Every structure is written in C-alpha cells, then in structure tokens.
Amino acid sequence: MIRFVQIGSSDEYGDNIAPQVETQIEKPLTPYSFAKLASTNFIKFLFQSENFPGTILRPFIIYGPGQKKDRLIPYVINKSLRNEKFEVSSGKQVRDFLHIDDAVDAIFLSLKVDAVNGKVINLGSGDPRSVRSVVELIVKEIGLGDPLFGDFKIRKGENLELYPNLELAKEILNWESKINFEFGLRNLINYYKKQVE
C-alpha cells in the first residue's frame with residue numbers, strides 16, 4: 001500500500017507537560033511549529049474525510065551525521081574539537097535525542113503498517129537528558145572545549161521538559177529506539193573528527 005508519511009515535530013506540543021502524549025492538545029509557539037501542526041491537521045482531516053492513507057510521525061530531537069552544524073550536538077562537537085570557548089544556555093532544558101538511524105527505521109515501518117493511518121505517533125529514544133549533561137558528555141569524550149553555560153538565554157516560552165510518551169510507537173509500529181545515546185554520540189564525534197582532519 002502507498003502511504004503519505006508526514007514528519008512532524010515535538011515543537012507542536014508547545015508548553016504541554018512531559019512526557020508529551022499524542023492525545024494532548026497541541027500548543028504551537030512558533031511559526032515553524034504552527035506550520036507543522038497545520039500539516040498534521042490536514043493529513044488527519046484527509047484521512048477522516050477521504051480515507052487518505054497518511055500518518056504523522058512526530059520525532060523529538062534527531063541527531064546524526066549530516067545534521068546542520070548550528071544544531072546543538074554538531075555545534076558542541078565542532079567547537080570542542082577546535083578546543084574553543086563556546087556559548088550555550090544554562091542547559092537545564094530536558095530533551096530526548098533520537099539517532100537518525102532509529103528514526104529512519106520507524107519511517108520504513110510506518111510504510112508497512114496500515115494501523116498508522118490517520119494517527120500521530122511520537123518517536124524518541126525514551127532516554128531524556130538535560131542539555132547541560134549532553135554538552136558535558138561531549139566535552140568529556142573529546143577532552144577539549146570550554147562551554148560557557150548561561151551565555152545563551154533560554155527562548156521565551158520554551159518548554160523546559162520536552163520528551164515523549166512512546167507507548168503508541170511500541171503498540172502500533174512495534175518500534176523502539178535501538179541506538180544507545182553514548183554509542184551514537186561516540187560514532188558522531190568520530191565522524192566529525194574525520195572531517196576536521
């Protein structure tokens with residue numbers, strides 16, 4: 001069967017309480033999250049009105065090779081590899097970091113399972129961490145870098161705890177993350193080391 005898979009965003013939840021679950025009413029806080037939610041609602045409407053075979057996968061923070069370098073993990077890795085001082089927030093935000101390979105597995109599974117039609121399904125590692133602990137882990141693994149915690153202000157309205165309930169992904173897709181964060185991070189650091197060399 002052909003299926004349309006919309007890649008949503010955890011930002012659609014806005015300031016909802018964690019762990020965020022698919023039944024919560026979304027509260028987008030930015031034009032980006034508003035646009036994502038509009039697409040989500042359009043796919044759900046098409047399913048209800050036309051039986052359109054579409055689903056919405058809502059990943060939390062995806063990381064891995066090829067990510068834009070201004071995103072948190074590649075930013076910290078590259079600054080640390082160059083042994084630079086770099087600005088970060090206080091790091092008290094709690095986030096769920098999902099490896100790209102796990103996200104791709106979920107996408108392919110969603111193409112095979114008809115029960116996903118019309119549904120929103122969270123994707124995440126199930127291992128939420130503070131941003132500060134992630135920064136500190138990267139600096140420790142590399143042995144270089146000097147994060148200046150608190151130099152970036154937390155965005156107005158930013159949800160400090162954004163991590164998913166994953167029961168629906170397990171139930172419908174029989175999916176869960178397989179890549180341990182420390183393992184995925186070490187591989188990613190090696191990927192960037194090769195680029196620097």
Side-chain angles (χ1 to χ4, degrees), residues 1-75 93-129 131 155 157-179 181 184 188:
M1 174 177 227
I2 296 172
R3 190 173 344 275
F4 185 92
V5 179
Q6 165 70 17
I7 306 300
S9 169
S10 58
D11 283 349
E12 293 174 64
Y13 286 115
D15 62 1
N16 271 301
I17 294 171
Q20 283 77 25
V21 64
E22 295 90 345
T23 53
Q24 287 173 323
I25 295 172
E26 297 91 342
K27 302 176 183 177
L29 299 171
T30 64
Y32 168 81
S33 56
F34 183 87
K36 284 288 188 180
L37 181 58
S39 298
T40 291
N41 287 332
F42 184 59
I43 298 303
K44 287 166 71 176
F45 176 78
L46 283 177
F47 173 72
Q48 290 162 3
S49 64
E50 310 291 335
N51 203 28
F52 178 76
T55 187
I56 303 95
L57 298 182
R58 190 173 278 165
F60 281 62
I61 298 177
I62 296 177
Y63 74 98
Q67 189 175 22
K68 285 177 65 176
K69 290 187 178 179
D70 64 347
R71 306 299 291 172
L72 175 69
I73 290 178
Y75 167 76
Q93 308 96 313
V94 176
R95 297 290 183 263
D96 184 290
F97 296 88
L98 177 67
H99 194 277
I100 182 64
D101 291 352
D102 282 330
V104 169
D105 285 346
I107 292 167
F108 277 104
L109 276 173
S110 74
L111 295 171
K112 300 175 185 175
V113 180
D114 289 342
V116 301
N117 285 338
K119 301 254 188 335
V120 174
I121 300 174
N122 286 340
L123 300 179
S125 70
D127 181 22
R129 298 162 177 262
V131 166
R155 289 173 298 172
E158 182 176 357
N159 191 336
L160 294 183
E161 294 191 342
L162 202 56
Y163 55 90
N165 177 299
L166 297 168
E167 290 306 310
L168 208 56
K170 291 175 187 174
E171 177 188 329
I172 293 180
L173 290 177
N174 193 27
W175 173 91
E176 58 186 330
S177 168
K178 295 183 178 71
I179 298 177
F181 183 69
L188 189 58

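From a predicted model like this one, the values you see are computed outputs, not experimental measurements.
Contact of the Ile2 side chain with the Pro53 side chain is not registered, since no non-hydrogen atoms from C-beta on lie closer than 4.5 Å. Taking 4.5 Å as the limit, some side-chain heavy atom of Leu188 sits within range of a side-chain heavy atom of Pro65.
Of the charged side-chain nitrogens involved, none lies within less than 4.0 Å of a carboxylate oxygen, so that Lys36 and Glu26 do not count as a salt-bridged pair.
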Side chain to side chain contact (heavy atoms under 4.5 Å, CB included) assessment of Asn174 paired with Leu109: CA-CA 9 Å; Asn174 193 27; Leu109 276 173; over 6 Å; no
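Taking Ser110 as the reference, nothing meets the side chain to side chain donor-acceptor pair (under 3.5 Å) condition, with sequence neighbours excluded. Checked against salt bridge (charged side-chain N to carboxylate O under 4.0 Å, His left out), Asp101 has no partners two or more places apart in sequence or in another chain. Taking Gln20 as the reference, nothing meets the side chain to side chain donor-acceptor pair (under 3.5 Å) condition, with sequence neighbours excluded. Partners of Ser9 under the side chain to side chain donor-acceptor pair (under 3.5 Å) rule, at least two apart in sequence or in another chain, do not exist in this structure.
Remark: Asp70 CG is packed, more than 12 non-hydrogen atoms of other residues, nucleotides or ligands lying under 6.0 Å away.
Taking both residues in full, the closest heavy atoms of Ile43 and Thr55 are given as CG2-N, 3.9 Å, listed atom of the first, atom of the second, then distance.
Here the straight-line distance linking atom CZ of Phe34 with atom NZ of Lys27 works out to 16.0 Å at 0.5 Å rounding. In this structure, CZ in Arg129 is found 9.5 Å from CG in Asp96, a value given to the nearest 0.5 Å.
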May I have the list of side-chain donor-acceptor pairs in residues 157-170 shorter than 3.5 Å, sequence neighbours left out?
residue : atom : partner : partner atom : Å
Glu158  : OE1  : Arg155  : N            : 3.2
Glu158  : OE2  : Gln93   : NE2          : 3.4
Glu158  : OE2  : Arg95   : NH2          : 2.9
Asn159  : OD1  : Glu161  : N            : 2.9
Asn159  : ND2  : Gly14   : O            : 2.9
Asn159  : ND2  : Asn16   : O            : 2.8
Asn165  : OD1  : Glu167  : N            : 2.9

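Residues in residues 35-75 take part in these ring-ring contact (aromatic ring centres under 6.0 Å, His included) pairs, two or more places apart or across chains: Tyr63-His99, Tyr63-Phe181, Tyr75-Phe86.
Of the listed residues (Leu29, Ile25, Val21, Asn122), just one forms a side-chain contact (heavy atoms from CB on, under 4.5 Å) with Tyr13, and that residue is Asn122.
In terms of modelled atom types and a separation under 3.5 Å, the side chain of Arg3 and the main chain of Leu111 share a donor-acceptor contact. In this structure, the side chain of Trp175 engages the main chain of Asp102 through a donor-acceptor pair within 3.5 Å.
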